[in-house]
Amino acid sequence: MIPADNRVIALSSIALLLAGCSQTADLTFSESINDYNGSASITQGLANTVKANLFVCKNGRSRVAGIGEVIDVDGKVWIVPAENHFTTATKAIDLYEECNNITPQGIADVEEDSVPVAVIDADGEEITGYIFADNYFELYINGQLVAVDTVPFTPFNSSIVKFKVNKPYTIAVKVIDWEENLGLGTEDNRGKAYHPGDGGFIASFSDGTVTGSNWQAQTFYTAPIYDLSCLSEADGKRLSDTCTTEGTDNGENAYAAHWETPSSWMNQEFDASSWPQATQYSEDEIGVNNKKSYMNFIEKFSGAGANFIWSTNVVLDNEVLLRYEVK
């Protein structure tokens, strides 16, 4: 780590070298950053926008889903809200997606037979998955990227996927709670210019696999943080449960905590033994009772025995990796 006394000088030099990759906020960090002793890399302030918007809603409005880059105290550039394959990967088939006028009243109105099948094992069992993510997911089976969400931010949608695989197999999912204020984990909401959003992920599969606390969930990006002393780590968990989740009109100097994503995290042989178990959340906590993309297919979600899952903080943790081994 760069010595504390040299950090501002080093960051100024890096800004000149990286030119367009530097963050838009002043590159001096508050003195309190020197008191942080956890394993995360810390950034402060807004990221530099490198992609203004990944998605335009054809029928109605959607929140802007941008991509940014922000520099930490040691000069490393972080992608926010997370690195993703939205523009390049196969999209999941929508169960419900208002922007493309896909609005069936229930599963009986969905042409499930027309859903393409991703082949992991040619002689494997064909499995159908039903997915609702707040906001965005990328689904891997045995390390193969099967599909990504069609809407990165809002309006809320739900998805159906199919794949062929032999048991045992590994489900790995990247979930992202998108942000409007890049690098700050916030959006203009509930009367505040900087209000943290919340996440949530639920899925069921035709072989009986459902999301629950027996899945694993590890955090890789937490924001906004206004007091670094509220962050802690214990038993593999990256905790922010004592950090405020209140919105503010003056959140442009908030901190964010980042952890490096292992390159092989999605592979079947990846050792995730140190990852904590997922935390379950109720439908009321996630707030889906007014979302047709969920309620119109509830029998495929909570009705099938699935639960909403995330890391330990469904509000502040914005990038979470999930894993589950199907025996």
Side-chain angles (χ1 to χ4, degrees), residues 38-41 76-86 88-90 92 117-125 127 129 131 133 135-149 159 161-177 199-205 207-222 233-240 257-280 306-314 317-327:
S39 64
S41 294
K76 178 178 172 57
V77 178
W78 295 87
I79 306 297
V80 289
E83 294 188 35
N84 63 85
H85 295 91
F86 178 78
T88 58
T90 300
V117 180
V119 178
I120 288 85
D121 297 311
D123 60 343
E125 176 184 355
I127 296 169
I131 299 171
N135 297 110
Y136 173 82
F137 75 88
E138 296 188 348
L139 173 70
Y140 294 83
I141 302 296
N142 286 352
Q144 179 175 321
L145 182 55
V146 169
V148 306
D149 208 338
S159 306
V161 297
K162 288 185 178 182
F163 53 89
K164 291 184 72 174
V165 68
N166 290 317
K167 293 180 180 178
Y169 68 93
T170 299
I171 303 174
V173 188
K174 175 181 284 190
V175 285
I176 302 172
D177 179 28
F201 179 82
I202 190 169
S204 74
F205 299 86
D207 63 352
T209 302
V210 294
T211 49
S213 59
N214 54 345
W215 286 50
Q216 291 175 293
Q218 184 58 286
T219 301
F220 288 87
Y221 171 41
T222 300
E233 298 174 32
D235 300 324
K237 295 179 180 179
R238 297 161 178 172
L239 301 169
S240 54
H258 310 258
W259 289 267
E260 190 74 42
T261 302
S263 60
S264 60
W265 71 272
M266 72 291 289
N267 293 342
Q268 192 169 25
E269 64 274 13
F270 177 76
D271 182 7
S273 58
S274 64
W275 286 18
Q277 298 305 114
T279 300
Q280 285 188 186
N307 289 279
F308 276 99
I309 60 172
W310 202 257
S311 58
T312 57
N313 196 325
V314 75
D317 292 342
N318 304 308
E319 179 189 4
V320 176
L321 302 183
L322 308 171
R323 283 178 60 92
Y324 183 72
E325 304 294 331
V326 180
K327 302 301 183 182

### Summary
Heavy atoms of W215 and I171 approach each other most closely as CH2-CG2, 3.8 Å

### Atom pair CD (E269) and CG (N267), whose distance is rounded to the nearest 0.5 Å
4.5 Å

### Query
Side chains of W259 and S39: is there a donor and an acceptor less than 3.5 Å apart?
yes

## Note on the structure
To the nearest 0.5 Å, atom OG1 of T211 lies from atom CZ of F308 at 8.0 Å

## Note on the structure
Nearest heavy-atom approach of A217 to W310 is CB-O, 3.6 Å

### Message
Tell me if a side-chain donor or acceptor on D207 pairs with a main-chain N or O of T209 at a distance below 3.5 Å.
### Response
yes

### Query
So, the side chain of E138 versus the backbone of H85: is there a donor-acceptor pair under 3.5 Å, distance only?
yes

#### Entry: Residue pair V161 / I131, side-chain heavy-atom distance below 4.5 Å
yes

### Message
Donor-acceptor check, side chain of Q268 to backbone of P168, threshold 3.5 angstrom: yes or no?
### Response
yes

### Side chains of D123 and N166 in contact at under 4.5 Å (non-hydrogen atoms)
yes

### Message
Treating N318 as the side-chain partner and T222 as the backbone partner, does any N or O pair qualify as donor plus acceptor under 3.5 Å?
### Response
no

### Task
Could you tell me whether E325 and K327 have a side-chain N and a carboxylate O separated by less than 4.0 Å?
no

### Message
Apply side chain to side chain contact (heavy atoms under 4.5 Å, CB included) to residues N142 and V165 and explain how you reach the verdict.
### Response
CA-CA 9 Å; N142 286 352; V165 68; 3.7 Å; yes

### Task
Spell out, as yes or no, whether a donor-acceptor pair under 3.5 Å connects the side chain of D235 to the backbone of K237.
no

### Side chain to side chain, I309 and L322, heavy atoms closer than 4.5 Å
yes

### Query
Nearest heavy-atom pair of F137 and A147: which atoms, and what distance?
CE1-O, 4.0 Å

### Task
Indicate whether the side chain of N313 and that of S240 have a donor and an acceptor atom separated by less than 3.5 Å.
yes

### Query
Can you tell me how far the CG atom of N307 sits from the OG atom of S204, to the nearest 0.5 Å?
11.5 Å

### Task
For K164 and A122, indicate whether the former's side chain and the latter's backbone hold a donor-acceptor pair under 3.5 Å.
yes

### Task
Not counting sequence neighbours, list each pair that qualifies as a salt bridge (Lys or Arg N to Asp or Glu O under 4.0 Å) and has a residue in residues 258-268.
K76-E260

### Message
Taking the ring centre of each residue, are W265 and F220 less than 6.0 Å apart?
### Response
no

### Message
Parallel, tilted or perpendicular: which one describes the rings of Y169 and F163, with boundaries at 30° and 60°?
### Response
perpendicular

### Query
Just wondering, are more than 12 heavy atoms of other shown residues or ligands nearer than 6.0 Å to CD in E83?
no

### Message
Once rounded to the nearest 0.5 Å, what's the spacing between atom CD1 of I141 and atom OG1 of T170?
### Response
8.5 Å

### Message
Quick check: closest heavy atoms across A118 and V146, and the distance to 0.1 Å?
### Response
CB-CG1, 3.8 Å

### Message
Measuring only between side-chain heavy atoms, which start at C-beta, is V175 closer than 4.5 Å to Y136?
### Response
no

### Summary
Closest non-hydrogen contact found for K167 with V326 is CE-CG1, 4.1 Å

### Query
Hey, are Q277 and S213 close enough side-chain-wise for a donor-acceptor pair under 3.5 Å?
no

### Query
With no hydrogens and no angle check, do the side chains of D177 and Y221 hold a donor and an acceptor under 3.5 Å apart?
no

### Task
Check whether any side-chain heavy atom of V173 sits under 4.5 Å from a side-chain heavy atom of Y324, and report yes or no.
no

### Task
Indicate yes or no: does K174 engage E319 in a salt bridge with an N to O separation below 4.0 Å.
yes

### Least distance between heavy atoms, S311 atom then T219 atom
CB-OG1, 3.2 Å

